[in-house]
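Throughout, a chain's letter reflects where its sequence line sits, starting with A, and its residues are numbered from 1.
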Amino acid sequence: MLTIKFFAVLRERLSSDRMQLPLEQPKSVSEVVEQLKQQSQLWHKELSRYDLLCAVNQEFADHSTVVKEGDELALFPPVTGG
Amino acid sequence: MLTIKFFAVLRERLSSDRMQLPLEQPKSVSEVVEQLKQQSQLWHKELSRYDLLCAVNQEFADHSTVVKEGDELALFPPVTGG
Amino acid sequence: MLKRIKVQTEDFDLEAEYRQLNDGHASGAVVTFSGLVRDEEGQLLGLELEHYPGMTEKALSNIVDVAKARWPLHAVTVIHRVGYLKVNEQIVFVGVASAHRLAAFEAANFIMDYLKTRAPFWKKEHSVHGEPSWVAAKASDQQAAERWQE
Amino acid sequence: MLKRIKVQTEDFDLEAEYRQLNDGHASGAVVTFSGLVRDEEGQLLGLELEHYPGMTEKALSNIVDVAKARWPLHAVTVIHRVGYLKVNEQIVFVGVASAHRLAAFEAANFIMDYLKTRAPFWKKEHSVHGEPSWVAAKASDQQAAERWQE
């Protein structure tokens with residue numbers, strides 16, 4: 001399973017803070033995102049934002065980063081702390 | 001009279017923290033310094049330091065600044081506060 | 001180097017943090033930055049701070065390590081509050097102790113710039129009118145962070 | 001802008017100064033710099049700080065005015081101690097409050113650079129061996145001040 005976490009406006013709009021996704025083989029983050037977009041028009045819209053950021057296993061990652069079974073993927077908008 | 005103040009190492013070496021100098025007409029700071037140098041070999045040596053700074057009426061000034069009757073001239077080495 | 005990273009709901013105390021930065025030896029130079037919830041002409045009530053538990057402290061710790069590799073530092077403390085913060089409350093603290101004034105200034109400035117763009121925090125504004133809304137990232141924050149890349 | 005300049009023998013309290021910088025309104029960003037007498041590997045006992053009474057406060061005030069003209073600042077405090085200061089004691093405090101983080105950092109940094117080269121203070125070191133000696137001005141301080149000239 002791949003654990004996927006959502007934060008901030010994405011978490012709110014998707015009404016989901018985390019989900020589990022079966023992962024038969026390693027995939028890039030963008031492939032995972034494309035798969036998630038198929039869930040509904042809403043998910044398609046929200047996950048299509050140009051500035052979608054991601055972290056893999058709690059480190060910032062690129063959309064080309066490959067995730068595998070047991071990994072934690074997080075999707076979120078640009079950060080605004082400080 | 002021109003009031004002249006000395007600070008830090010200059011004050012110590014000249015054994016003087018202030019003096020009064022009769023001033024018949026306005027003079028540049030460097031002219032005043034030249035005059036002071038005539039007092040003794042010690043004064044000549046101490047006032048010949050290349051990095052001698054000055055303030056006129058409590059504002060940083062150049063050696064070309066003109067001082068007149070009633071002014072306060074201060075002579076000192078580079079500052080080292082902070 | 002002493003490194004202290006805290007992500008907490010509680011407020012922090014500048015004097016206590018300053019004392020800890022100086023603990024043991026006088027570094028010569030201590031720079032602190034405190035970020036507060038700004039009163040936007042009476043329009044803002046407060047901010048909700050969300051973060052990514054697990055990743056947040058790691059991200060802050062990485063940022064401090066980058067600073068440490070770049071400047072000679074004795075001690076660094078980073079505190080970031082989360083949860084609901086009212087106007088005038090403290091949000092973030094960065095404290096840096098070094099033997100060198102410029103190193104302390106630059107490292108604190110750098111840590112704040114990186115924190116703003118590379119630590120998983122998100123702000124939601126609660127104002128006197130309308131629904132709460134998520135704060136948009138600022139291009140100026142991104143530019144501020146980029147100036148440290150040589 | 002609130003401007004507070006103090007030249008004093010007494011110590012100062014970071015927390016109290018911080019509170020005064022924030023008094024009335026939250027500026028968003030507060031940067032403080034504290035300079036302490038550094039323990040030079042146990043060789044130094046303390047510093048004697050001489051200044052030019054009458055000129056000193058004026059010079060500090062001028063420096064703050066230059067900063068104010070250059071950055072949007074809400075409040076600035078500068079405190080410089082004089083007299084004999086032992087190792088680990090605080091010498092100087094600069095606090096700047098602004099709506100803008102970068103303005104607060106730059107103004108505090110600028111004020112320290114100018115203070116080091118344009119305020120009439122002189123330090124004399126008392127060490128464990130030998131006669132007390134006057135500290136020589138550093139070329140690096142001069143260079144640090146010059147980088148603000150556009």
Student: Quick check for you: among C:Thr32, C:Val31, C:Leu14, which has the greatest number of heavy-atom pairs under 4.5 Å with chain D?
Tutor: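 Result: the option with the highest number of such pairs is C:Thr32.
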
Student: Evaluate the side chain to side chain donor-acceptor pair (under 3.5 Å) criterion for residues D:Ser98 and D:His74: first the C-alpha distance (whole Å), next the side-chain angles of each, then the deciding distance (0.1 Å), finally the verdict.
Tutor: CA-CA 5 Å; D:Ser98 172; D:His74 291 163; 5.9 Å; no

Student: Rounded at 0.5 Å granularity, tell me how far CZ in C:Arg147 sits from CD in C:Gln142.
Tutor: 12.5 Å

Student: Knowing that exactly one of C:Glu10, C:Glu89, C:Gln90 qualifies, which makes a side chain to side chain donor-acceptor pair (under 3.5 Å) with C:Arg81?
Tutor: C:Glu89

Student: Looking only at atom types and distance, does a side-chain atom of D:Ser27 sit under 3.5 Å from a main-chain N or O of D:Ala29, one as donor and one as acceptor?
Tutor: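 Here the side-chain-to-backbone pair does not exist.
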
Student: Please output the residues of residues 101-125 of chain C in contact with chain D, using a heavy-atom cutoff of under 4.5 Å, in numerical order.
Tutor: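 Listed by number, the contacting residues are C:Arg101, C:Leu102, C:Phe105, C:Ala108, C:Asn109, C:Met112, C:Asp113, C:Lys116.
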
Student: Could you verify whether a donor N or O on one side chain and an acceptor N or O on the other, from C:His80 and C:Gln8, lie under 3.5 Å apart?
Tutor: no

Student: Would you mind checking if D:Glu15 and C:Arg19 are paired as a salt bridge, meaning a charged N to carboxylate O distance below 4.0 Å?
Tutor: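 Salt bridge between C:Arg19 and D:Glu15, a charged N being under 4.0 Å from a carboxylate O: no.
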
Student: List the atom pairs, donor and acceptor, that lie under 3.5 Å between side-chain atoms in residues 59-67 of chain D and the rest of the protein, sequence neighbours left out.
Tutor:
{"unit_1": "D:Ser61", "atom_1": "OG", "unit_2": "D:Lys3", "atom_2": "NZ", "d": "2.7"}
{"unit_1": "D:Asp65", "atom_1": "OD1", "unit_2": "D:Lys3", "atom_2": "NZ", "d": "2.8"}
{"unit_1": "D:Asp65", "atom_1": "OD2", "unit_2": "D:Lys3", "atom_2": "NZ", "d": "3.3"}

Student: Which bit of D:Ala99 is near chain C, if near means a heavy-atom gap under 4.5 Å: side chain, backbone, both or neither?
Tutor: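 Both backbone and side chain.
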
